[in-house]
Number of protein chains: 2
Amino acid sequence: MEPTEAGHREHRATTIYDVAKAAGVAPSTVSRAFSRPGRVNSETAERIRQVAEELGYRTNPLARALSTARSHMLALVVSDVANPFYSEVIRGAQAAAADAGFTVLLTDAQESERLERAAIERAIPSVDGIVLAGSRLSDSAIRMVSKQKPVVVLNRAIVDVPSVVPDNARGMRQAAEHLASLGHGSITYVAGPEASWADGMRWRSLLEAAPDHSLRVRRIGPFSPDVPGGVQAAEVLTRNPTSAVIAYNDQLAIGVIRGLAARGIRVPGDVSVIGFDNIFASELISPGLTTVAAPLYTEGSTATKHLLTLIESGRRQQSLSAVLPTLLVVRGSTAQRKRKRTSPASGTNSIPGSAAAAARSTSAGSR
Amino acid sequence: MEPTEAGHREHRATTIYDVAKAAGVAPSTVSRAFSRPGRVNSETAERIRQVAEELGYRTNPLARALSTARSHMLALVVSDVANPFYSEVIRGAQAAAADAGFTVLLTDAQESERLERAAIERAIPSVDGIVLAGSRLSDSAIRMVSKQKPVVVLNRAIVDVPSVVPDNARGMRQAAEHLASLGHGSITYVAGPEASWADGMRWRSLLEAAPDHSLRVRRIGPFSPDVPGGVQAAEVLTRNPTSAVIAYNDQLAIGVIRGLAARGIRVPGDVSVIGFDNIFASELISPGLTTVAAPLYTEGSTATKHLLTLIESGRRQQSLSAVLPTLLVVRGSTAQRKRKRTSPASGTNSIPGSAAAAARSTSAGSR
DNA sequence: TTGAAAGCGCTAACAT
DNA sequence: ATGTTAGCGCTTTCAA
């Protein structure tokens with residue numbers, strides 16, 4: 001308004017009509033010059049683009065969305081943006097979306113089901129599809145959402161909903177194998193959230209892999225999947241010593257190491273520890289954390305690509321799910337089992353509830 | 001289409017017209033029943049809301065945006081989503097936006113000016129404002145952007161553009177003071193990216209604070225502001241020993257510690273190290289990193305709130321900038337200076353270029 | 001308060 | 001290949 005202020009208001013967006021008038025053609029012709037398939041290449045189209053360029057014309061995505069019912073936006077809902085696990089996932093999703101000319105609407109559920117629900121509810125009308133990463137929602141709630149817009153879930157498997165997960169089974173097998181090769185005869189699994197599909201999967205996978213290496217396994221938990229949770233777990237471990245632990249995820253593992261250290265128990269001297277995910281910090285701590293590396297970035301990009309496919313195809317391909325390979329990254333937190341303590345695991349094996357826990361974890365999975 | 005598939009397509013969104021018809025009123029009346037200020041409270045309005053509820057009607061944000069020229073979306077452009085520094089910032093921004101009923105469009109510049117430019121270009125038409133966090137763009141480029149849409153920059157100061165920055169001066173003073181109190185007489189500043197406004201600011205602040213504590217300071221760098229950069233810096237430090245270093249940010253500091261350790265130099269035994277930001281990982285490494293804690297979350301939320309204010313006010317308040325307080329978090333990476341080595345810093349002081357570097361850093365700042 | 005009508009900027013038939 | 005005509009779903013004058 002005020003002449004002194006170079007405010008935004010003065011920048012009246014140029015429309016298709018401005019271009020049409022300037023180029024002496026009909027508006028629809030301008031629209032065509034910018035339309036999708038292979039772009040029109042007539043002489044006029046070229047001239048129109050020229051004129052548009054000069055006028056600084058940008059097609060208005062919102063208007064386009066309204067008339068095409070395609071917003072070219074994707075929602076990425078994560079359970080907690082501050083969780084380092086998601087950094088790479090977000091990045092992968094963002095990159096894949098950008099490649100396809102899509103924009104990412106990020107929403108943080110802040111570990112709250114209520115907030116997640118609300119976020120989804122609000123995002124739905126403006127997006128063409130949704131990636132749910134680490135959703136707190138129930139399977140049926142998610143299935144409900146996927147009835148309204150294409151959905152791909154990350155790190156979780158739900159019947160009838162496309163998903164992208166790391167190869168938990170292989171990962172746990174690799175971890176177990178590694179520990180066995182170091183002479184460990186028994187392993188303690190430090191569990192994550194009770195409601196986590198991934199946790200159940202990992203535990204079950206460990207149970208299955210154990211016999212092949214004559215490993216005895218037990219399980220403690222559930223714990224909150226963060227550093228404090230791990231510290232808590234360390235407490236429990238102190239009361240029930242083991243020589244080797246596999247944690248649900250890296251943060252838990254890091255917490256365990258810290259908690260153990262605080263009690264004078266050395267890693268890997270006294271206890272070997274393995275995490276899962278290979279987050280940024282797992283390389284920074286000392287000892288470096290041996291961990292099952294999940295392809296975080298790829299998980300994000302794959303989920304997004306699948307979502308895009310779903311959108312394009314109008315939801316044909318029913319089961320567009322993917323299992324991504326994992327890789328064991330050996331760092332300093334695992335070592336040969338000390339021969340000194342002869343039977344560190346005796347008497348602590350066969351914790352009741354293992355079988356039940358293994359069974360419980362199947363509710364969600366079709367894989 | 002196929003009856004077997006519970007596809008998304010069948011869920012034809014209910015519109016204002018559907019509600020209008022069902023309620024026996026005109027569409028505009030329905031619109032009013034949902035309009036902003038204080039909401040209409042007539043009997044009819046109440047009934048309309050009732051009907052809408054039953055029909056599962058949700059107002060279409062895109063259509064609303066088209067007609068009101070307000071999308072209720074904000075763009076948050078970060079230089080690198082994978083950088084842990086941004087986790088909290090994103091979270092803060094996201095929360096503040098959600099509070100105001102706004103949605104966040106996250107875009108990752110992937111440390112590329114070209115990509116950042118493109119991302120902004122694409123986001124501009126769909127958003128009501130933009131938060132630029134750690135932008136790689138030139139001051140003038142940013143000023144250009146801010147002519148089109150309200151902009152708030154984070155961690156940087158630009159004339160005429162609202163900004164949110166941590167109190168770098170105070171932070172560096174606290175750090176210097178802490179080191180001085182531990183008996184250190186000379187400090188090496190490990191610099192971040194040359195183009196970083198924050199880096200210049202921090203170095204200059206350190207220079208200013210030094211005399212008050214009879215501290216001698218020198219500067220090495222620039223280094224890439226990540227862990228590898230810090231490792232590189234450690235190399236340089238090995239050739240020019242000091243007893244104390246302050247790094248541009250935590251990741252650099254962590255790299256320094258690791259690099260030093262690899263060379264058998266102990267932290268804090270031989271060298272004390274201080275970082276900046278207080279990212280998640282700084283607490284996890286050992287020794288814990290003493291660091292100047294920047295209010296990451298608050299930076300994100302404040303920037304967003306200011307942006308919202310700007311949007312609402314139609315860009316009145318010219319200088320809506322904020323300087324957020326910092327806090328020194330003392331952990332294990334700093335300690336009393338060893339008395340053994342008598343003059344560790346002698347001969348390495350007064351590196352040429354310090355003054356020039358201090359001068360160079362002023363180009364951007366108005367504060 | 002409510003209804004009628006016009007229009008936001010764009011795309012999508014349908015003509016020509 | 002280009003022009004014409006309708007909308008997409010919502011808000012917003014302007015009347016009633």
Side-chain angles (χ1 to χ4, degrees), chain A residues 9 11-49 51-52 55-73 101 103 122 124-128 148, chain B residues 8-9 11-49 51-52 55-73 101 122 124-128 148:
Chain A
R9 311 233 156 276
H11 189 88
R12 193 89 183 79
T14 66
T15 77
I16 241 182
Y17 298 102
D18 303 326
V19 179
K21 187 158 44 168
V25 296
S28 64
T29 310
V30 176
S31 175
R32 282 192 201 96
F34 286 96
S35 63
R36 287 290 111 246
R39 277 191 160 185
V40 187
N41 270 321
S42 69
E43 181 184 305
T44 2
E46 196 46 64
R47 182 166 45 86
I48 289 174
R49 280 184 219 114
V51 173
L55 264 55
Y57 166 77
R58 337 241 57 182
T59 139
N60 179 332
L62 269 44
R64 185 204 290 266
L66 186 58
S67 94
T68 60
R70 284 251 163 291
S71 67
H72 289 256
M73 295 199 278
T103 289
R122 269 211 307 159
I124 273 195
S126 351
V127 301
D128 295 339
Q148 309 188 200
Chain B
H8 327 288
R9 311 230 156 280
H11 189 86
R12 194 88 184 77
T14 66
T15 76
I16 239 181
Y17 297 102
D18 303 325
V19 179
K21 188 157 45 167
V25 296
S28 62
T29 309
V30 176
S31 175
R32 281 190 201 98
F34 286 95
S35 62
R36 287 290 114 244
R39 277 190 159 185
V40 187
N41 270 321
S42 68
E43 180 185 304
T44 1
E46 197 45 64
R47 182 166 46 88
I48 289 175
R49 282 187 217 112
V51 173
L55 264 54
Y57 165 77
R58 337 241 58 180
T59 139
N60 179 331
L62 269 45
R64 186 205 288 268
L66 187 58
S67 92
T68 60
R70 283 250 163 291
S71 67
H72 288 257
M73 294 200 278
R122 269 212 307 164
I124 273 195
S126 349
V127 302
D128 294 339
Q148 310 188 200

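All chains are named by letter (A, B, ...) in the order of the sequence lines, taking the proteins before the strands, and each is independently numbered beginning at 1.
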With a 4.5 Å cut-off on side-chain heavy atoms, are B/Arg47 and B/Val25 touching?
yes
Which residue lies more 5' along DNA chain C, comparing B/Ala26 with B/Leu66 via nearest heavy atoms
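Nearest-nucleotide comparison on DNA chain C picks B/Ala26.
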Residue mapping more 5' on DNA chain C - nearest nucleotide basis, B/Glu43 or B/Ala63:
B/Glu43
Interatomic distance, [X] atom [atom1] to [Y] atom [atom2] [nearest 0.5 angstrom]:
X        : Y       : atom1 : atom2 : result
A/Asp128 : A/Thr68 : CG    : OG1   : 8.0 Å
B/Arg70  : A/Leu62 : CZ    : CG    : 12.5 Å
A/Glu46  : A/Glu43 : CD    : CD    : 10.0 Å
B/Arg122 : A/His72 : CZ    : NE2   : 10.5 Å
A/Thr14  : A/Lys21 : OG1   : NZ    : 12.0 Å

Atom pairs, protein N/O to nucleotides 13-16 of chain C N/O, distance under 3.5 Å:
from	atom 1	to	atom 2	distance (Å)
C/dA13	N6	A/Arg32	NH2	3.3

Rounded to whole angstroms, how far apart are [atom1] on [X] and [atom2] on [N]?
X       : N      : atom1 : atom2 : result
B/Arg64 : C/dC10 : CZ    : C1'   : 20 Å
A/His72 : C/dC10 : NE2   : P     : 14 Å
A/Arg58 : C/dC10 : CZ    : P     : 12 Å
A/Asp18 : C/dC8  : CG    : P     : 11 Å
B/Phe34 : D/dG9  : CZ    : C1'   : 13 Å
A/Ile16 : C/dC8  : CD1   : P     : 13 Å

Ignoring backbone atoms, establish whether B/Ser31 has a side-chain N or O less than 4.0 Å from OP1 or OP2 of D/dC10.
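No, no such contact exists.
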Short side-chain N/O contact from A/Thr68 to OP1 or OP2 of C/dT11, under 4.0 Å
no
Given D/dG3, C/dC10, D/dC10, identify the nucleotide with an atom nearest to the side chain of B/Tyr57.
D/dC10
How would you label the contact of A/Val30 with the nucleic acid (heavy atoms, under 4.0 Å): base, sugar-phosphate, or nothing?
nothing
Base C/dC8 to side chain A/Tyr17, donor-acceptor N/O within 3.5 Å cut-off:
no
Heavy-atom closest pair, residues B/Ile48 and B/Ala33:
CG2-CB, 3.9 Å
